[in-house]
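To start, the structure itself, in structure tokens.
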Amino acid sequence: MKQKKQLVIQLILLAASAALYAGTGMIKSVGVSESTGTAEENAEPQKILSFEAGDICSVRWNNGTDEFVAEKNNGVWTLENHPEFPLQVSRLEDIAEDIGSLKALRSLPAEDLTRYGLDKPGHSMTVGTDDGKEYIIHLGDHATVDDAWYLTCEGDQSVYLAETLLPSMLDADILKFVRNESMPSILSPEKMTILKNDGTSVTLEKPEHPEKYSYTDYYTWFMEEENGSFRPLDRGKAEDLVNKVLHVKWKACVDYDLGRDPEASEAYGFMPPVLQVSVEGNDVSAVLNVGTDAGNGLVYAQPEGSVMAYTIDAEEALALNDASYDTLRPEDICRMDWGIVTEMILESGENVRDIKITRNPDPASEQKYIYSENGEELAYSRVMDIRDMIDKMIPDGQVDDPDHLPSGDPVLRITFLQERPGYERLDLEFYHYSDMYDLVRFNGEARQLISTHAAEAVIRLMERLDMPSE
């Protein structure tokens with residue numbers, strides 16, 4: 001009797017477990033149905049159209065403003081209804097690629113087109129293929145559950161849900177299809193002239209013998225003065241200014257056919273240009289015309305002789321307009337050409353070190369120079385430490401008063417004697433300016449501020465000159 005009772009209990013528990021398992025299975029089954037849909041919806045996306053992108057030879061559509069008739073002949077895309085248009089072919093290739101790769105995430109019966117926004121399609125396009133067939137594709141609403149769009153093809157009984165970028169591409173203004181111009185390529189720019197409409201100009205140049213105009217061979221770009229002399233410029237700043245022309249960054253094309261209207265160029269400020277900047281080199285000239293303000297932080301611009309108008313960043317135009325020696329001058333502390341320095345005298349208070357520099361006669365030696373004092377050779381690495389410290393000096397700013405004159409004795413004076421006419425002797429001096437900064441006077445100018453640690457580091461290295469190399 002007891003065994004029979006236990007058997008009944010086990011049967012009851014087994015039945016309950018079976019019911020629970022079935023319930024769980026039902027819940028899971030419902031979950032699959034609600035989240036992923038039917039077996040057809042869960043299948044691998046299927047290609048909607050039977051042809052590939054390479055088979056497409058024509059595409060026609062209207063973006064609401066312009067009619068586009070794009071045709072491909074001998075592998076080259078053109079806009080047949082805008083034959084003069086400078087077409088960026090890759091934009092048509094992108095459209096063809098998207099059409100040819102359309103895949104259906106879902107396939108739905110085309111019973112109620114209104115439900116999918118296809119009763120009045122937002123976009124329609126006619127696609128022609130090399131075999132002479134045409135396909136009309138309608139694009140409807142953007143789906144709310146997937147990043148996809150509803151579309152249908154005329155003659156097809158289905159509505160498809162497909163991921164595509166076609167709506168944004170077909171909405172684009174015709175100017176988005178423009179092939180922007182590039183400035184002439186100049187591998188070695190040699191001269192830059194900035195001419196303003198008030199008649200003033202600024203000229204940057206790489207003179208044939210730059211060593212005539214500076215104490216060092218480091219500088220390559222110079223600003224030409226009215227008297228024909230040159231002043232050295234910061235290399236990086238000068239190259240950046242030149243590249244604003246050679247590698248101009250068009251923000252947008254705003255007109256592609258200025259020739260149709262004689263007054264159009266004047267409206268953009270190109271007749272005459274507000275600013276005209278030319279870069280020369282390799283017997284080639286690249287000229288940029290900068291026009292009037294275009295709003296939103298932009299300015300009109302174009303290559304000289306172009307029938308197109310673009311916008312560029314107003315800050316780029318301002319940098320060209322404001323170019324001067326003060327904006328381009330070197331901000332270095334000292335850029336010695338050590339190959340022509342014959343002597344370096346360091347003075348700090350009572351401590352004076354007079355270092356003679358000669359070329360090492362041994363071509364196999366890794367040490368190019370011999371450093372000596374009072375006929376005794378100094379440790380090579382100790383002097384090189386001082387040289388490296390001088391080369392690495394970076395200013396922390398400039399004095400507010402350009403007429404400020406240093407007072408008292410310098411904390412440190414470094415005198416360079418070198419073989420360069422007009423620059424045989426140069427004094428690099430550090431004057432106490434504040435608790436944090438020293439004022440540097442070098443090559444006739446006293447405007448740079450540098451951390452007091454710079455002079456202190458050189459003084460410490462002076463004290464170690466007599467120590468053997470490490």
Side-chain angles (χ1 to χ4, degrees), residues 214-219 232 234-235 330-362 365-399 406-420 423-470:
S214 176
Y215 71 93
T216 178
D217 63 354
Y218 177 78
Y219 303 113
D234 183 278
R235 273 197 305 188
E331 300 299 342
D332 310 302
I333 294 296
C334 180
R335 291 282 189 178
M336 294 306 300
D337 178 4
W338 295 104
I340 61 172
V341 177
T342 60
E343 191 172 350
M344 180 170 59
I345 305 168
L346 302 101
E347 303 175 62
S348 176
E350 300 297 324
N351 188 9
V352 179
R353 306 305 299 261
D354 189 348
I355 303 172
K356 300 293 194 297
I357 305 172
T358 57
R359 286 263 179 189
N360 192 335
D362 182 4
S365 175
E366 294 182 358
Q367 300 179 4
K368 292 184 178 181
Y369 306 96
I370 295 175
Y371 302 112
S372 61
E373 185 177 29
N374 299 323
E376 298 292 331
E377 187 172 343
L378 296 170
Y380 183 82
S381 64
R382 298 298 180 190
V383 180
M384 287 299 296
D385 287 343
I386 294 177
R387 276 186 45 172
D388 292 343
M389 182 59 65
I390 294 170
D391 288 339
K392 293 176 181 178
M393 288 182 179
I394 299 174
D396 284 314
Q398 286 77 41
V399 292
S407 60
D409 295 327
V411 176
L412 172 68
R413 176 186 289 118
I414 306 175
T415 300
F416 304 98
L417 302 183
Q418 63 177 7
E419 299 169 337
R420 175 156 287 155
Y423 300 94
E424 292 85 354
R425 176 183 175 125
L426 295 167
D427 289 316
L428 175 62
E429 299 171 316
F430 299 78
Y431 292 87
H432 178 73
Y433 184 80
S434 69
D435 291 340
M436 296 178 61
Y437 302 111
D438 288 332
L439 174 64
V440 178
R441 180 163 65 183
F442 180 62
N443 198 21
E445 289 190 340
R447 63 186 184 85
Q448 304 275 41
L449 294 176
I450 194 170
S451 169
T452 57
H453 298 306
E456 292 170 357
V458 174
I459 293 170
R460 287 195 300 271
L461 292 173
M462 287 173 58
E463 296 169 349
R464 303 176 63 188
L465 276 173
D466 296 321
M467 298 174 61
S469 298
E470 295 179 352

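Note that this is a predicted model, so its numbers are computed, not measured. Sequential numbering from 1 along the given sequence is applied to the chain's residues.
Between the OG1 atom of T415 and the CD atom of E347 there is a distance of 5.5 Å, given to the nearest 0.5 Å. A distance of 4.0 Å separates CG of D354 from CD of E343, quoted to the nearest 0.5 Å. Here T216 contributes atom OG1 and F416 contributes atom CZ; the two are 10.5 Å apart, rounded to the nearest 0.5 Å. Note: L417 CG to K356 NZ = 8.5 Å, rounded to the nearest 0.5 Å. Rounded to the nearest 0.5 angstrom, Q367 CD and S381 OG are separated by 8.0 Å.
Counting all heavy atoms, side chain and backbone alike, A457 lies closest to M389 at CB-CE, 3.8 Å. Scanning both residues, P232 and P330, for their nearest heavy atoms gives O-CD, 3.2 Å. Between V458 and M393, the shortest heavy-atom contact is CG2-CE, 3.6 Å. Contact detail for L412 and S348: the closest heavy-atom pair is CD1-CB, 4.3 Å.
No side-chain N or O of D438 forms a donor-acceptor pair with one of T452 less than 3.5 Å apart. A donor-acceptor pair shorter than 3.5 Å cannot be found between the side chains of Y423 and D337.
Using a 4.5 Å heavy-atom threshold, the side chains of L346 and I355 count as touching. Contact check for D217 versus R420: side-chain heavy atoms found under the 4.5 Å cut-off. Two residues are said to be in side-chain contact when any heavy atoms from C-beta on lie closer than 4.5 Å; S451 and I394 fail this criterion. Q418 is not listed as a side-chain neighbour of W338, based on a closest heavy-atom distance of 4.5 Å or more. Using a 4.5 Å heavy-atom threshold, the side chains of M336 and L428 count as separate. With a 4.5 Å cut-off on side-chain heavy atoms, I450 and L439 do not count as touching. Within the 4.5 Å cutoff, no side-chain heavy atoms of V383 are placed close to those of I357. Contact check for N360 versus K368: no side-chain heavy atoms found under the 4.5 Å cut-off.
D385 has no carboxylate O lying under 4.0 Å from a charged side-chain N of R460, or vice versa, which leaves the two without a salt bridge.
When the shell of 6.0 Å around CG of D409 is examined, it contains 12 or fewer heavy atoms from other residues, nucleotides or ligands.
Of the possible polar contacts, none joining the N374 side chain to the E376 backbone as a donor-acceptor pair under 3.5 Å is found. Here the side chain of S434 pairs a donor or acceptor atom with the backbone of Y437 at under 3.5 angstrom. Between the side chain of R382 and the main chain of P468, a donor-acceptor pair closer than 3.5 Å is present.
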Quick one, N351 with I459, criterion side-chain contact (heavy atoms from CB on, under 4.5 Å). Give me CA distance, side-chain angles, the key distance, then yes/no.
CA-CA 9 Å; N351 188 9; I459 293 170; 5.6 Å; no
I would like to know whether L378 and R353 meet side-chain contact (heavy atoms from CB on, under 4.5 Å); could you show each step before the answer?
CA-CA 11 Å; L378 296 170; R353 306 305 299 261; 4.2 Å; yes
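By the 6.0 Å and 45° rule, R235 stacks over the aromatic ring of Y218.
Every side-chain hydrogen bond (donor to acceptor under 3.5 Å, both in side chains) that Q398 has, sequence neighbours left out, goes to E331, Q448. Remark: Y431 engages E429, R441 in a side-chain hydrogen bond (donor to acceptor under 3.5 Å, both in side chains) (not counting sequence neighbours). Residues satisfying the side-chain hydrogen bond (donor to acceptor under 3.5 Å, both in side chains) criterion with R387, sequence neighbours excluded, are Y371.
Just one residue in the list L426, I333, D427 forms a side-chain contact (heavy atoms from CB on, under 4.5 Å) with F442, and that residue is L426.
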